Amino acid sequence: MNLAYFSSLAMVTATVIYLVALTAHAAEWASARRVDAGPSTTDGSPAASAATSSTAGTAARRDRIAADLTRVDRFGRMGLALTAVGAALHVAGVVLRGLAAGRPPWGNMYEFVSSTLAILVVGYLVLVWLGKMRWLGLPVTLLLSVGLGLAVTVFYVAVAPLVPALHSVWFVIHIIAAATAGAMFNVGGLASVLYLLRTRAERRGTVRGYVVRLPQPEVLDRVAYRAVAFAFPLWTFTIAAGSIWAEYAWGRYWGWDPKETWSLVTWVVYAAYLHARATAGWKGRRAAWLGVVGVAMFWWNFVGINLLVSGLHSYAGI
Amino acid sequence: MKPVEFLRFLWTQLTSMRTALVLLFALMIAAVPGSLGPKILPQRPNNPVLVREWIAARPELGAVFDRLGLFDVYGSPWFASIYLLLLVSLVGCIVPRIAVYARAVRAMPPGVPKRLDKLAERASGPTRLSASDALDAGERWLVARRYRVRRQGNELSGEIGYLRELGNLAFHVSILGVLAGIAVSSLFGYKGSVIAVEGSAFSNTLSQYDDFAAGAFFKASALPPFTLWVDKFDVSFERGSVQHGAARQFQVTGRLAGPAEEPRPTILEVNTPVILGSSMVNLIGHGYAPIVTVTDPSGAVAYSGPVVFLPQDGNFTSLGVIKAPDARPQRLAFDSIFVPSQSTASGVGPRSTFPDADNPTLWGTVWTAPPKVETGRPENVYSLDKTEFTQVMDGAVPASFRLAVGASYTVPDGSKITFDSWKRWTKLQVSSTPGLPIVYGSIGVAVLALMLSLFGKPRRIFARVTDADGVRSVDVGGLDRAESRAGLGDAVAGLADAMGASVSVTGVSGEPALGSRGTKSQLTLAGEQLEESE
């Protein structure tokens, strides 16, 4: 019974709560299955959508949809509340892990995944609070459940000190920047996925169910853009900070180590994304796909490279 | 098409955003083969030995890959051609834009377009103010929000967000700065490494290096003169069950002296290199050097001292060749394996179970060759030319030994090898990358410029006061000159409000405009007074 034990306990409990939150958000989406296309509402007021469907159906149908929308709202709020509880435990888990190790808690893959996802969930809650972005609930809780689930089951390693290469002030700077940029790339990626989902439904004329309740494509695109606009300069900084650190630790500022190369590839993908958004014929869906590719690169660089490719960044088992 | 036109066409194509995008994709894909790791496709600069093995295992494919530059992706002509094209495209794109920007920054906002109803957001309505009061109020509203304002007759134009394009241009220019810094580093910089056994010293002259590479403009006189004594190298490894065997500490305790200086104590660690002016000494590797004494059959000492062995795995099972070229009547060599923590399980060969020296053991076989005339030609100290040497047999089996510290082995011909002790060696790298301040300065500018360009809000807003049929009305329109900006509707409605109009708003951006809520006019009047009192 020590700090490390309570950290793991908090982390596992948070994972379970995220799973329940995911279920609630899934129920939220499922409850909206009878909602028809109509002017969507970004403010999520049930009355507006119910009223639009009145032209199509009978009063009974209208009542049923109104009841559905009440249920959608109830499940949505439930999911959000559970996510908040999970987030509190998750953050506590990360903090306890740091206290148990006596150093910042991102010295290996388990710690980095849990820290990055903690930043992501806090960022998401802030976005919900400031910008009514509860519509991100399903994809965010999915990512949290899968990510933290993998962390506590597959990546888990017990607390241990750091290898000498990590004894540096850059260990704090480089990795906080990487984790924060990563968290925001994820928010942007999820918004891009929803954008693709919504525009596909619009092109096929099948806008119904929960898609109706997603914001307009312009808003989804704007959220994705802002997340990337926040993360991209930070990612640039992350690479530069890593390179300064590499100069001190390994005696060279750039060595085409797999991790370095994939960080650069990720950077190039997001550079392409930003250019694509300003290029005729590329803005819209193609740009959104680039946003999704970018976040896939981030995860590949982080998980895939650690597990499959040996390089200088593999230092702590997994 | 005339040649000039064709060239112009090519230039236009190359500098278009679409081409830049394609080149970015190309760069992205081209970077992949080099990043698959040494197991799949080793790269010569990082893993020359693995490349040789890779080619040896697949000679035909290896030759093709080698010709394609796949073993040195980032130094290959096709990789270089992509980033050079990208560079040309970038320069071709930003130079004209810098000129345009330089004019735009000095210019007044453009005049009000004839038809405001073509703009993305507009608001119009009758105003209760006089024309000049409305224009005054509008101008105040714009100036308070730091718009650059142009007033002409009964029209107002405002423009804001000039910093966005500045950031955009500065970002792209600073990428050139990063590349310039990299170029300076590779032209003027150098990098050399040397293996120093504990108790030895390294003097910074070219002849002391094991390997050395420098840029075209490097001069040997640029090497800072110093001597570094590696007195002691402390290492510790994790002995607990978690991450068993992981490195925990590397520390060189030594002394450092410039020319005609008293040596001063110095500490060298992985993240704390010794910095000497623009040069830096890094600790980049370590290993073991068994100390042996070799005597020839006459009893004369043919070799005595440490021999550097190269680690082969994480537990430092190390290979080396102990050479005694002075042994007579035959030269002697011992093809050996140093195992810092020999497994004690029975039947296990030379294999280390821990990186620290818990049970150091020296394994080896014995080789001889006739004496050789000293040619002065350097030979590889880490390998044995088995075409030149023949293996010594002990009866029907090869003569071999397995020695603990202090033990010795007598070869059938009477020569003897004693495993006296062991030391550690460190690999030191001395380097200078003079372009780094340029690189990091440029990246600093790039990050700041990126933020300006990503968060800047270039916006134009126009207003016109008209009198028609005795009704004085205000027309306001605005457009955002960057993607994904919110709040244009609010700005347009706000200006209309300020100009005394009770407005009706039409917009295409789909965002709720505050002005559309009707009673906003009254509210803004109070706000306006606040602004005036500022």
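These numbers come from a predicted model, not from an experiment. Heavy atoms only: backbone and side chains are in, while hydrogens, waters and symmetry mates are out. Chain letters run A, B, ... following the sequence lines, proteins first and then strands; every chain starts at 1.
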Heavy-atom distances under 4.5 Å only: say whether [X] touches chain A with side chain, backbone, both or neither.
X: F171(B); result: side chain
X: S16(B); result: neither
X: M280(B); result: side chain
X: I182(B); result: both

Smallest separation among heavy atoms of [X] and [Y], with atom names:
X: V159(A); Y: V242(B); value: O-CG1, 3.7 Å
X: V163(A); Y: A246(B); value: CG1-CB, 4.4 Å
X: W256(A); Y: N46(B); value: O-ND2, 3.8 Å
X: L21(B); Y: A276(A); value: CD1-N, 3.8 Å
X: A247(B); Y: P164(A); value: O-CD, 3.3 Å
X: G251(A); Y: Q429(B); value: O-NE2, 2.7 Å

With a 4.5 angstrom heavy-atom cut-off, which part of [X] approaches chain B: side chain, backbone, both or neither?
X: T266(A); result: neither
X: I239(A); result: neither
X: W170(A); result: neither

Inset, instruction - Could you walk me through whether W250(A) and N282(B) pass the side-chain contact (heavy atoms from CB on, under 4.5 Å) test, one step at a time? - result: CA-CA 7 Å; W250(A) 301 325; N282(B) 287 83; over 6 Å; no

Inset, instruction - Just give me the residue among A240(A), A158(A), P161(A), A160(A) that pairs up with chain B most often, heavy atom to heavy atom, under 4.5 Å. - result: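 Between A240(A), A158(A), P161(A), A160(A), the count favours P161(A).
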
Inset, instruction - Specify which of L264(A), V169(A), L290(A), V228(A) makes the most heavy-atom pairs with chain B at under 4.5 Å. - result: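 The answer is L290(A).
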
Inset, instruction - Taking atom OH of Y248(A) as the centre, report whether more than 12 heavy atoms of other residues, nucleotides or ligands fall under 6.0 Å from it. - result: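 Check fails, neighbour count at 12 or below.
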
Let me confirm one number: the [atom1]-[atom2] distance from [X] to [Y], rounded to the nearest 0.5 Å.
X: L162(A); Y: Q243(B); atom1: CG; atom2: CD; value: 8.5 Å
X: W262(A); Y: M28(B); atom1: CH2; atom2: CE; value: 8.5 Å
X: M451(B); Y: T236(A); atom1: CE; atom2: OG1; value: 10.0 Å
X: E247(A); Y: S431(B); atom1: CD; atom2: OG; value: 5.5 Å
X: T272(B); Y: H167(A); atom1: OG1; atom2: NE2; value: 11.0 Å
X: L274(A); Y: S453(B); atom1: CG; atom2: OG; value: 8.0 Å

Inset, instruction - Please state whether the rings of F25(B) and W282(A) are parallel, tilted or perpendicular, taking 30° and 60° as the class boundaries. - result: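 Tilted.
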
Legend entry - Whether H275(A) and H172(B) hold their rings parallel, tilted or perpendicular, with breakpoints at 30° and 60°: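 Rings of H275(A) and H172(B): perpendicular, over 60°.
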
Legend entry - Test side-chain contact (heavy atoms from CB on, under 4.5 Å) applied to A224(A) - qualifying residues, sequence neighbours left out: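 Testing A224(A) for side-chain contact (heavy atoms from CB on, under 4.5 Å), a comparison that skips the adjacent residues, returns A191(A), S192(A), Y273(A).
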
Against chain A, work out which of [options] has the most heavy-atom pairs shorter than 4.5 Å and name it.
options: E269(B), Q249(B), R18(B); answer: R18(B)
options: S35(B), A20(B), G285(B), G34(B); answer: S35(B)
options: V32(B), L283(B), V178(B), V430(B); answer: V32(B)
options: N271(B), V270(B), V281(B); answer: N271(B)

Inset, instruction - Quick one: list whatever passes salt bridge (charged side-chain N to carboxylate O under 4.0 Å, His left out) with R239(B), sequence neighbours left out. - result: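 Scan of R239(B) (salt bridge (charged side-chain N to carboxylate O under 4.0 Å, His left out), adjacent residues dropped) gives D356(B), D358(B).
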
Legend entry - For E238(B), salt bridge (charged side-chain N to carboxylate O under 4.0 Å, His left out) partners two or more places apart: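 Partners of E238(B) under the salt bridge (charged side-chain N to carboxylate O under 4.0 Å, His left out) test: R248(B).
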
Legend entry - Test side-chain contact (heavy atoms from CB on, under 4.5 Å) applied to Y225(A) and L454(B), step by step: CA-CA 9 Å; Y225(A) 170 77; L454(B) 293 174; 3.6 Å; yes

Inset, instruction - Could you tell me which residues in residues 436-443 of chain B have at least one non-hydrogen atom under 4.5 Å from a non-hydrogen atom of chain A, sorted by residue number? - result: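 The stretch touches chain A at L436(B), Y440(B), I443(B).
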
Inset, instruction - Step through it carefully: locate the ring centre of W254(A), locate the ring centre of Y74(B), and say whether they are under 6.0 Å apart. - result: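 Ring-ring flag for W254(A)/Y74(B): false, centres at least 6.0 Å apart.
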
